[in-house]
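Please read all numbers here as calculations on a predicted model, not as lab measurements.
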Amino acid sequence: MPPSHRSHRRAVVIGAGLAGMLAAAVLSDAVDDVVVLDRDDLPEGPEHRRGLPQGRHAHLLMAGGLAAMEELMPGGSIRQRLLAAGAREIPLGHGMVALTPEGWFRRWRHDGPTMLSCTRALLDWTVRSTVLAHTGAEIRKVQAVGLAGDAGRVRGVRVATAAGEEELAADFVVDASGRGSRVVTWLRELGVTGVRERTVDAGQVNATRLYRTPAGAEQFPLTMVQSDPYGSRPGRSGMVLPIEGDRWMVSLAGTRGGEPPADPEGFLRYALDLPSPIVGRLVSGAEPLTDVYVSRSTSNIRRYLEKLPHWPEGFVALGDAIATYNPAYGQGMSVAAFHARLLNEELRRSGPDGPGLARRVQRGAARPVDAAWTAAVGQDVWYPDTRGARPGLADRLVTSYIRRLTRAATGSYRAATALWEVTSMRTGPERLLRPDTLLSVLNGPLLPPLSGPPFTAAERKIVEELDRTGG
């Protein structure tokens, strides 16, 4: 195919997942044509897609990531579209019941930041259908097999066809192909070598089953038992997540040596045997709607693309193509939104032909990756049998502070607020070092620890009824 003329610019995005469709939305304002390539048959509704192994498990869209999406998405509020489709908005202040390694969080009168809870299928479909309806972007079912161009500039994408390989010319290319990206190989084929990669793998296995929300429990809070990285034992966790369609998504997770089983009876036993049995008690009397889905694609993988001394014009990698994180920490979707926002800012600054655009975006994309990577790996290194890293002195100092902050947050609203703002990705980790936060850490929890989950009387009644039903 001939290269596009300067007067008619084309962008090609590899991958029609969340990162790819957000990039397509941004690029549609800067070029004439946006073509999104994906090898999967994409569902026509909010259904699971084969190429997303973690898609069946719990996903939470944090406040920071949602705010970035709201800025970028065409056609009105994506938040309102998701809520209208049944997603739940959960205020961290009082809409969540959580047991941390330092004790139960309290529920405060104030909302705090909110997060959206729904299936990944609903989120992806809502974003994809919105972008396609309000931009000129198109999706082509085809597999990208490489980049066209040289070490100085990428000029398109090589795709597999029935007749062999074909070149799809482009003025700008985005690799948003996710965890399985071949960006390092593709760059090497252009003569760009020396990419440093790192993997930290705690061996976490996720197991998820959907249940019908019990009658009367439609407003039941998100309930979770967090994993404890510090006990010299495999991490084990579980959560009951309200999602669209009057359903509960129950996700269990365990690191190497403590993996949850795939059979229904073992799934329930595992939930009941967590540090608190609350997840198991809730689901023991609920009606299951699916089998147990299990997946193992949970390692933290980072490609330090921003460190390369030379970077080709006309090409960037975004989202999971740069780094993936243990999904337990709920960061990947927000990082993808931050990357799209950065791309938008740089395009507005210099246009798609601006010299150095791709390099600025690639370097800037490392900033949200740094924060997410540090948070995920900073916990995963503590699990026994984690491969790829062990805690060093810096990890010990940071972990000691975070544990003290978390302990303070179990009984201090000020400490809880600082923790919420960082975990919801509304602010960076520097928020944890503000003077008011440091003072909260020094003071510790101002209220005594809770002896059990802080349910309301009505919520306790639901738990007791489910206990009786399940027993």
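Across all their heavy atoms, Ala321 and Asp175 have their closest contact at CB-O, 3.6 Å. Nearest heavy-atom pair, Gly75 versus Arg81, reported as atom, atom and distance to 0.1 Å: O-NH2, 2.6 Å. Closest approach of Ala416 and Trp108 over heavy atoms only: CB-NE1, 4.0 Å. Nearest heavy atoms, Val361 versus Leu342: O-CD2, 3.3 Å. The shortest non-hydrogen separation linking Leu466 to Ala286 is CD2-N, 4.1 Å. Minimum heavy-atom separation, Asp395 to Arg390: OD2-O, 4.0 Å.
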Could you give me the CA-CA distance, side-chain angles and deciding distance for Thr410 and Leu450, then say whether side chain to side chain contact (heavy atoms under 4.5 Å, CB included) is met?
CA-CA 8 Å; Thr410 63; Leu450 296 173; over 6 Å; no
Does the side chain to side chain contact (heavy atoms under 4.5 Å, CB included) test come out yes or no for Tyr293 and Asn206, once each step is laid out?
CA-CA 8 Å; Tyr293 300 111; Asn206 291 332; over 6 Å; no
Under the side chain to side chain contact (heavy atoms under 4.5 Å, CB included) rule, what do Leu343 and Leu22 come out as? Steps first, then yes or no, please.
CA-CA 10 Å; Leu343 176 60; Leu22 291 173; over 6 Å; no
Could you walk me through whether Arg302 and Asp370 satisfy the salt bridge (Lys or Arg N to Asp or Glu O under 4.0 Å) test, starting with their C-alpha distance in whole Å, then the side-chain angles of each, then the deciding distance to 0.1 Å, before giving a yes or no?
CA-CA 10 Å; Arg302 180 150 187 200; Asp370 284 340; 2.7 Å; yes
Start with the C-alpha distance between Asp38 and Arg49, add both sets of side-chain angles, then the distance that settles side chain to side chain contact (heavy atoms under 4.5 Å, CB included), and finish with yes or no.
CA-CA 11 Å; Asp38 202 287; Arg49 58 175 290 192; 2.9 Å; yes
Checking salt bridge (Lys or Arg N to Asp or Glu O under 4.0 Å) for the pair Glu306/Arg363: CA distance, chi angles, key distance, verdict?
CA-CA 5 Å; Glu306 76 281 1; Arg363 285 184 168 178; over 6 Å; no
Kindly determine whether Glu421 and Arg434 satisfy salt bridge (Lys or Arg N to Asp or Glu O under 4.0 Å), including the steps that lead there.
CA-CA 12 Å; Glu421 290 186 356; Arg434 275 181 18 184; 5.0 Å; no
Please lay out, stage by stage, how Glu465 and Arg468 fare under the test salt bridge (Lys or Arg N to Asp or Glu O under 4.0 Å).
CA-CA 5 Å; Glu465 179 61 31; Arg468 285 193 294 271; 2.6 Å; yes
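Proximity of the aromatic rings of Phe220 and Phe455 is defined here by a centroid distance below 6.0 angstrom, and this criterion is met. The distance between the ring centers of Trp373 and Tyr329 does not fall below 6.0 angstrom.
Residues His134 and Met73 form no side-chain contact, since every pair of their non-hydrogen atoms from C-beta on lies 4.5 Å or further apart. Proximity of Arg107 to Pro221: side-chain heavy atoms (C-beta onward) are separated by under 4.5 Å at one or more points. Within the 4.5 Å cutoff, the side chain of Leu222 has heavy atoms near those of the Pro242 side chain. Side-chain contact check for Leu241 versus Leu60: some heavy-atom pair is nearer than 4.5 Å. At least one side-chain heavy atom of Leu432 sits under 4.5 Å from a side-chain heavy atom of Ile402. No side-chain heavy atom of Arg88 sits under 4.5 Å from any side-chain heavy atom of Glu218. A 4.5 Å side-chain heavy-atom check between Pro445 and Glu102 finds every atom pair outside the cut-off. Contact check for Trp104 versus Thr100: no side-chain heavy atoms found under the 4.5 Å cut-off.
A donor-acceptor pair under 3.5 Å is absent between the side-chain atoms of Asn326 and the main chain of Asn300, judged by distance alone. Side-chain atoms of Thr290 come within 3.5 Å of backbone N or O of Leu210 as a donor-acceptor pair. Proximity of a side-chain donor or acceptor of Thr255 to a complementary backbone N or O of Gly235 within less than 3.5 Å is detected. A donor-acceptor pair under 3.5 Å is absent between the side-chain atoms of Ser295 and the main chain of Ser297, judged by distance alone. Put simply, the side chain of Ser129 gets close to the backbone of Thr126: a donor and an acceptor are under 3.5 Å apart. Formation of a donor-acceptor pair under 3.5 Å by the Thr374 side chain with backbone atoms of Ala371 is not found in this model. Thr437 places a side-chain N or O within 3.5 Å of a backbone atom of Arg431 that can act as its donor or acceptor partner. Looking only at distances, a side-chain donor or acceptor of Arg179 sits under 3.5 Å from a matching main-chain atom of Ser299.
The list of salt bridge (charged side-chain N to carboxylate O under 4.0 Å, His left out) pairs with a residue in residues 251-266, not counting sequence neighbours, reads Asp201-Arg256. Among residues at least two apart or in separate chains, salt bridge (charged side-chain N to carboxylate O under 4.0 Å, His left out) pairs with a member in residues 53-76 are Glu71-Arg341.
Atom CZ of Arg414 has 12 or fewer heavy atoms from other residues, nucleotides or ligands within 6.0 Å. Counting non-hydrogen atoms of other residues, nucleotides and ligands closer than 6.0 Å to CZ of Arg296 gives a total of 12 or fewer. In this structure, Asn443 places its CG atom where more than 12 heavy-atom neighbours from other residues, nucleotides or ligands lie under 6.0 Å away. The 12-atom threshold is exceeded at CG of Asp111, counting heavy atoms of other residues, nucleotides or ligands nearer than 6.0 Å. More than 12 heavy atoms of other residues, nucleotides or ligands lie within 6.0 Å of CZ in Arg403, so this atom counts as buried by the packing criterion. For CD of Glu44, the number of neighbouring non-hydrogen atoms (other residues, nucleotides, ligands) closer than 6.0 Å is 12 at most.
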